[in-house]
Amino acid sequence: MIPKVFKEVIDLGDGRTISIETGKLAKQAHGSVVVQSGKCMLLCTVVSNYKQSDVDFLPLTVDYREKFAASGRYPGGFFKREARPSDGEVLTMRLVDRVLRPLFPKDYHAETQVMVQLMSHDEDVMPDAMAGLAASAAIQLSDVPFETPISEARVGRINGKFIINPTRAQLEESDIDMMIGASADSVMMVEGEMLEISEEEMAEAIKFAHEAIKVQCAAQIRLAEAFGKKETREYEPEREDEALEKKVRDMAYDKVYAVARAASAKHERSAAFDAIKEEIKATFSEEELAEFDGLVSKYYYKAEKAAIRDLTLNEGLRLDGRKTDEIRPIWCEVDYLPSTHGSSIFTRGETQALATVTLGTSREANQIDMPSFEGEERFYLHYNFPPFSTGEARPLRGTSRREVGHGNLAQRALKNMIPSDFPYTVRVVSEVLESNGSSSMATVCAGTMALMDAGVTLKKPVSGIAMGLISDGDSGKYAVLSDILGDEDHLGDMDFKVTGTADGITACQMDIKVKGLSYEILVNALKQARDGRLHILSKLTETIAAPAADVKPHAPKMITRRIPNEFIGALIGPGGKVIQELQKETGTTIVINEDPVTEEGIVEILGVGQDGINAVLAKIDSLLFKPEVGGTYEVKVIKMLDFGAVVEYTQAPGNEVLLHVSELAWERTENVSDVVNMGDVFNVKYFGVDPKTRKEKVSRKALLDKPEGYVARPPRDNNDRGGRDNRGRDNRGRDNRRDDRKPREDKKED
């Protein structure tokens with residue numbers, strides 16, 4: 001039986017479309033869709049257990065995978081099977097998760113899995129921009145409780161014109177690359193990178209993307225109605241007790257407010273809050289706690305959140321005593337680690353990051369091998385968040401999704417400030433040593449200083465700041481918080497991180513938890529972030545004002561030379577013999593790449609000692625040396641032969657030519673050693689390629705004065721030597737054959 005297919009088409013307004021289709025694939029999933037644009041196809045499924053999990057959170061898993069078959073390729077490596085997700089896939093998972101998670105009911109705790117798979121790839125379509133649309137559309141077709149459809153869109157800008165879901169080629173020309181996640185009513189997530197744009201330009205880009213998202217949300221509703229909207233499933237809600245909630249709030253609110261107002265440090269404050277909670281629990285009997293313990297804790301945290309928010313809205317004060325726009329104390333240091341190529345410490349309040357820089361050749365570039373993209377990164381940043389940074393002890397299970405996401409944000413903040421012609425591959429590693437408030441922004445600041453300490457010629461230094469927002473929808477009050485604490489990250493209505501130079505924004509990450517946030521508040525928050533960012537930037541430049549003039553003495557120096565394509569083989573040598581010996585002799589690393597446009601060889605020479613680098617450059621100069629006809633050059637005798645001497649140009653060692661015995665002197669030379677000996681240095685004149693011998697010709701005698709009375713030998717007359725008829729033997733043409741020569745007998749046939 002042919003299944004009935006339901007389909008909706010979204011017009012992107014420039015001839016491109018996105019279609020959402022259901023009814024054909026994965027019908028046992030609770031919801032499934034195929035989203036297609038061009039030849040790019042994503043399959044998304046959602047399944048949610050009907051039994052609630054015994055946890056107090058939503059166990060949601062968002063999984064995004066790209067299949068190599070989608071682009072007609074094999075997986076790289078020894079095992080020809082897709083394995084752990086790449087960083088690119090993890091980043092897409094995070095983008096989708098951050099928009100979906102807040103829209104499930106807070107008391108819905110059934111294990112839920114959303115899976116998005118790239119099944120067919122199109123070079124002109126970036127699939128991650130459609131993953132959020134696919135996930136939301138699949139949920140709309142299921143009976144899983146979900147507040148409202150959402151979607152995500154990428155926005156770029158070329159020559160001042162905004163574009164929805166640009167191609168990768170268009171992004172190369174764009175000064176904005178932002179992903180926006182939103183419902184029809186509210187923007188919920190923003191993440192991206194920019195080339196020093198203003199706060200107002202960023203808000204305009206968000207508005208533009210939101211209009212496109214509204215169309216995509218409407219298409220999901222139409223598809224669900226055509227397919228037959230399922231009744232939302234019933235589930236067992238969390239237990240509630242209004243009387244108990246009021247009792248706990250009455251006991252906790254004022255005490256929490258007082259502790260919050262006391263401006264204490266993180267651990268002292270946490271201990272005080274824990275004491276209040278235990279004091280409240282002590283008022284209940286063992287029987288009551290056995291029955292209501294979970295609710296008591298839940299209502300306490302609710303009261304704690306309300307008290308801290310009210311303190312900020314009513315008095316403009318925060319947990320550590322700062323005003324809303326105040327930045328915590330900052331201290332910085334560079335060149336802390338003696339053996340790294342660059343290092344720095346950035347400490348802001350109770351957050352500390354130690355950054356290191358390592359310089360290398362193109363061989364150390366980060367290779368990206370995904371079905372949707374193949375390439376390399378010459379600048380990349382890795383972020384590590386060990387448990388001791390928050391005073392915890394837990395096992396390390398490899399790089400977490402959070403570490404991938406935070407590292408990517410810091411990398412995007414800095415990468416466009418690395419000059420395109422900077423010859424090195426650059427790796428930055430941030431080790432978070434303390435954390436209470438944005439360690440990713442501390443990583444940006446530490447990374448900036450470490451790069452400058454390493455001698456990386458940054459166009460401009462970059463700083464970053466984490467901001468928060470607390471608002472009261474009823475009264476219209478709101479407070480924008482600069483440099484938020486970890487506690488403020490959880491209790492606010494918006495948290496966003498903004499990085500940039502003195503001239504504009506370079507990257508951002510924003511999660512908005514309140515509905516209908518006005519663009520006026522958003523722009524005001526971004527402007528306050530700019531003030532804080534500039535304050536932090538001033539602290540960085542006080543520590544290190546400009547990039548170091550050169551790399552450190554123990555760091556490798558990099559020289560890049562271009563050579564014509566025809567000389568690449570000579571530099572490499574048979575089986576790599578020449579280049580391997582040269583690297584061994586000079587203590588350098590030599591990498592040769594080919595320019596895809598000019599087909600020239602790009603030679604990267606990396607070495608700590610300048611003498612070794614100079615030796616490699618001399619070898620290249622020797623290979624490239626081309627004497628000019630009529631020019632005079634100094635040579636050295638390196639080999640003696642019977643018919644001349646092999647000499648090499650002193651300015652191009654290894655570049656050899658034969659000096660024939662006839663060109664040694666005006667007088668007739670019987671023995672080469674009568675005129676020159678091994679190691680002799682003298683000048684010769686270059687005559688180019690001799691048309692008779694087809695070899696290069698040089699002459700020593702051409703630079704000497706002719707001896708007095710010298711008479712040149714007359715040119716040899718070839719006729720004197722006799723032609724074929726007078727070579728001292730009988731003329732034996734075909735007509736002079738001996739008459740008695742027997743004719744050749746025919747070959748007998750077998």
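Note that the numbering runs from 1 along the sequence shown for the chain.
Across Ala182 and Val99, no two heavy atoms sit closer than the pair N-CG1, 4.5 Å. Ile10 and Ala219 get closest at one heavy-atom pair: CG1-CB, 3.6 Å. Residues Ala525 and Met494 come closest through the heavy atom pair CB-CE, 4.1 Å. Residues Ser183 and Thr148 come closest through the heavy atom pair CB-CG2, 3.8 Å. Pairing each heavy atom of Glu152 with each of Gly181, the nearest pair is CG-CA, 3.7 Å. Of all non-hydrogen atoms in Pro547 and Val456, the two that sit nearest each other are CB-O, 3.3 Å.
Within the 4.5 Å cutoff, no side-chain heavy atoms of Ile470 are placed close to those of Ile308. Between Ile505 and Arg533 the shortest side-chain heavy-atom distance falls below 4.5 Å. Side-chain contact between Cys508 and Val190 is present, with at least one heavy-atom pair separated by less than 4.5 Å. Proximity of Gln140 to Lys229: side-chain heavy atoms (C-beta onward) are separated by under 4.5 Å at one or more points. Annotation: side chain of Asn314 is in contact with side chain of Lys477 (closest heavy-atom distance under 4.5 Å). Taking the side chain as every heavy atom from C-beta outward, Ile180 and Phe208 never approach each other to under 4.5 Å. Using a 4.5 Å cut-off on side-chain heavy atoms (C-beta onward), Met441 and Leu409 make contact.
Partners of Glu173 according to the salt bridge (charged side-chain N to carboxylate O under 4.0 Å, His left out) rule, which considers only residues two or more places apart in sequence or in another chain, do not exist here. Under the rule for a side-chain contact (heavy atoms from CB on, under 4.5 Å), the partners of Leu171 that lie at least two apart in sequence or sit in another chain are Met126, Arg154, Pro166, Ser174, Asp177.
The environment of NZ in Lys323 is sparse: at most 12 heavy-atom neighbours from other residues, nucleotides or ligands sit within 6.0 Å. The number of heavy-atom neighbours closer than 6.0 Å to CG of Asp14, taken from other residues, nucleotides and ligands shown, is above 12.
Between His382 and Tyr380, the two ring planes are tilted [angle within 30° to 60°].
Distance alone, capped at 3.5 Å, places no donor-acceptor pair between the Glu66 side chain and the Met370 backbone. Side-chain N or O atoms of Arg328 include none that pairs as donor or acceptor with a backbone N or O of Thr351 at under 3.5 Å.
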Test salt bridge (charged side-chain N to carboxylate O under 4.0 Å, His left out) on Lys266 and Asp487; report intermediate values, then the result.
CA-CA 9 Å; Lys266 176 183 176 180; Asp487 292 338; over 6 Å; no

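Considering Arg309, Arg261, Arg322 in turn, Arg261 is the only one that fulfils the salt bridge (Lys or Arg N to Asp or Glu O under 4.0 Å) rule with Glu315. Of the options His406, Gln411, Arg402, a side chain to side chain donor-acceptor pair (under 3.5 Å) to Tyr383 is made by Arg402 and by none of the others. Partner of Asn408 under the side chain to side chain contact (heavy atoms under 4.5 Å, CB included) criterion, out of Arg94, Glu191, Glu193: Glu191 alone.
A donor-acceptor contact closer than 3.5 angstrom links the side chains of Ser136 and Gln220. Between the side chains of Glu240 and Tyr299, at least one donor N or O lies within less than 3.5 Å of an accepting N or O. For Tyr478 and Asp493, the side-chain atoms include no donor-acceptor pair closer than 3.5 Å. Between the side chains of Thr390 and Glu392, a donor-acceptor pair is found at a separation under 3.5 Å.
Evaluation of the side-chain hydrogen bond (donor to acceptor under 3.5 Å, both in side chains) test over residues 202-211, restricted to residues two or more places apart or in two chains, returns Glu211-Lys214.
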